[in-house]
Asker: 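Let me begin by handing over the structure; questions about it come next.
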Amino acid sequence: MEKITGGEALMLALKAEGVKTIFGYPGGAIMPTYDSLYDYTRGEKKAFDHILVRHEQAAAHAAEGYARVSGKVGVTLVTSGPGVTNTLTGVADAMMDSTPIVVIAGQVATSVLGSDAFQEVDLVDVAQPITKWAYQIRSAKDVAWAVSRAFFIARSGRPGPVVLDFTKNAQTEKIDYKPANVDFIRSYVPYPEPKEEDLKAAAELINNAKKPLALVGQGVELGNAQEELRTFLEKADIPAGRTLMGLSALPSNHKLNMGMLGMHGSYSVNLKEQEADVLIAIGMRFSDRVTGNLERYAKQAKIIHLDIDPSEIDKCVKTTVSVVADCKVSLPALTALVNKADHSDWKESFQPLRQKEIENVITPATKPTSGPLLMGEVAHAVAKATNSESVLVTDVGQNQLMSARYFKYHKSRSIITSGGMGTMGYGLPAAMGATFGAPDRTICCFMGDGGLQMMIQEFGTIMEHHIPVKMVLLNNNYLGNVRQWQDMFFHHKQSFTPMTNPDFGKVAEAYGIAYRCCAEREDLQDAIQEMLNTDGPFLLETVIKPDANVEPMTAPGKAVDEMILNIDC
């Protein structure tokens, strides 16, 4: 084989990893690689589709959306300096939410490293705290090894982001290419084996429990353990709450699903956490948005924690028993040890609280008879119109919380949202990536007017590639979630939360995106059907009640059983 450049070696290494789609933005320090990429996006060598985003942060979020819906590693290709620093918000987001992406960034030549050369940044040192691995490629001979290692680390164990810093001389240097296959790294144990004594101790607690409650997180989906979860819950007859990130790990209509955990979750499951005698946390990290005040969280309960990452054990909540392993392995092992049980009385005790929430929150939010449109009714109507088969992608804020609450999830990998970082602007590019990761599914992206404008330039990417994202804008002319907190906790001082917005219809028209504005309840169903029936992208702007709040809510510093059903501020 004739010698090839490091840039072409990267193409062959990515091809060997099964990469089909790359989200990126070219620039000076990555130009040699883009020169090689040109040949691999057309003609006989064609291996990749390259999606040219309009901002590098969008490239990272698009890779996240692709990864979250497909279960594969998302790939981003950017240049040095501001190009890669723009991506780092997405990298940090991926780290918090355990999303496997590989970011490849150009870098100045090794001969000028450390000289403050044009667009030089010490990427490895900057990226290390927010990645599973960050590495600088200084020679073309290291490309195949570095790429294989990057993908192995990104996708294995608890997934996460990897950054490769690709010096310019390594891109242009010529080598005899030799493939690499990294599937072992000394001291890195991505799949620890569960200990038999831990499984037995956990099973004993579950078998003696009168009021067990499972807390289901995204780890179930990351481990592809949805069936194993259902088998476990059904045998032991354990009701379950799901975190925001784990909502589609258990179907919404499953008889043991009791709702969403957390600050804006379901009233019954949050209150029952404080009554359960055994909590079984499965692939979740006890986020502060789930636990509320830790000093008063589930003090009556024995805690069992199943997680692949030992660093999560006892980090926030002290456990009674921990099982460190992939839940794809630990759940069947635990299921074999638990007794078939009947917790009918315990499950039935959730019903009065569920009914109270239905009467006081859900019905008023989803089936109002007068007044302006509400966020909940729009989300409920879109979910119903798609037969709960679509993928929900959200931005961050009230749009996120309300759409997550009122969508239904029948398939796995059906919610894509920024959980840990809470990154505004995430929704639109993540939805773009999701369309490439699941081209056979309808992608519905819910956004507020604030989050949309953080990434509104990506209308250009949608236009160029005719990306069929169904965008639902919940427009209340506010930074709604901040406004809600200001009204509740800062004496109604709405400090810089009202927004003066553009004519979104004209913006959509400029990008050739189909658009409709809906302000009246009687037009909502027709507007949703027009959106779903339109071939290609569509922006549905809904004019929402400006001062509507997300209910129920556990206020900061409060215990989860101090949840407020109706907010009066």
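Just so you know, these numbers use all the heavy atoms, side chains as well, and skip hydrogens, waters and symmetry mates.
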Asker: Using only heavy-atom distances, determine whether the side chains of E541 and N475 contain a donor-acceptor pair under 3.5 Å.
Answerer: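 Checked: E541/N475 side chains pair up, N/O donor to acceptor below 3.5 Å.
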Asker: What I want to check is whether the side chains of E8 and Y177 have a donor and an acceptor closer together than 3.5 Å.
Answerer: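 There is no such pair between these side chains.
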Asker: Are the charged groups of K367 and E377 less than 4.0 angstrom apart, N to O?
Answerer: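 Salt bridge between K367 and E377, a charged N being under 4.0 Å from a carboxylate O: no.
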Asker: Are side-chain heavy atoms of I513 and M471 found at a separation under 4.5 Å?
Answerer: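 A side-chain contact exists here, since the closest heavy-atom pair is under 4.5 Å.
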Asker: May I ask you to check whether H50 and F23 place their ring centers less than 6.0 Å from one another?
Answerer: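 No, too far apart.
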Asker: Is R516 salt-bridged to D526, going by a charged N under 4.0 Å from an acidic O?
Answerer: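 Salt bridge flag = yes for D526 with R516.
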Asker: Output yes when a side-chain donor or acceptor of K132 lies under 3.5 Å from a complementary backbone atom of V162, and no otherwise.
Answerer: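 Side chain of K132 to backbone of V162, a donor-acceptor pair under 3.5 Å: no, none is there.
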Asker: Is there a side-chain contact between I528 and K384 in this structure, where contact means two heavy atoms from C-beta onward sitting under 4.5 Å apart?
Answerer: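 SC-SC contact between I528 and K384 ruled out.
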Asker: Among R158, R285, H305, which residue meets the side-chain hydrogen bond (donor to acceptor under 3.5 Å, both in side chains) test with E312?
Answerer: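 Of the listed residues R158, R285, H305, the side-chain hydrogen bond (donor to acceptor under 3.5 Å, both in side chains) partner of E312 is R158.
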Asker: Give a yes or no on whether the ring-centroid distance for W145 and Y135 is below 6.0 angstrom.
Answerer: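 Yes, ring centres under 6.0 Å apart.
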Asker: Answer yes when E234 and K255 have at least one side-chain N-carboxylate O distance shorter than 4.0 Å, and no when they do not.
Answerer: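 Here E234 does not pair with K255 in a salt bridge, since their nearest N and O are not under 4.0 Å apart.
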Asker: Quick test of your reading of the model: are R405 and E357 salt-bridged, counting only N-O distances below 4.0 Å?
Answerer: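 Salt bridge present between R405 and E357.
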Asker: Check whether any side-chain N or O of E458 sits under 3.5 Å from a backbone N or O of H55 as a donor-acceptor pair, and report yes or no.
Answerer: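 A pair under 3.5 Å: yes.
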Asker: Less than 6.0 Å separating the ring centroids of F446 and F407?
Answerer: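 Yes, close enough.
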Asker: Think R155 forms a cation-pi with F152, using NZ or CZ under 6.0 Å from the six-ring centre and within 45 degrees of its axis?
Answerer: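 Judged by the rule, R155 and F152 form no cation-pi pair.
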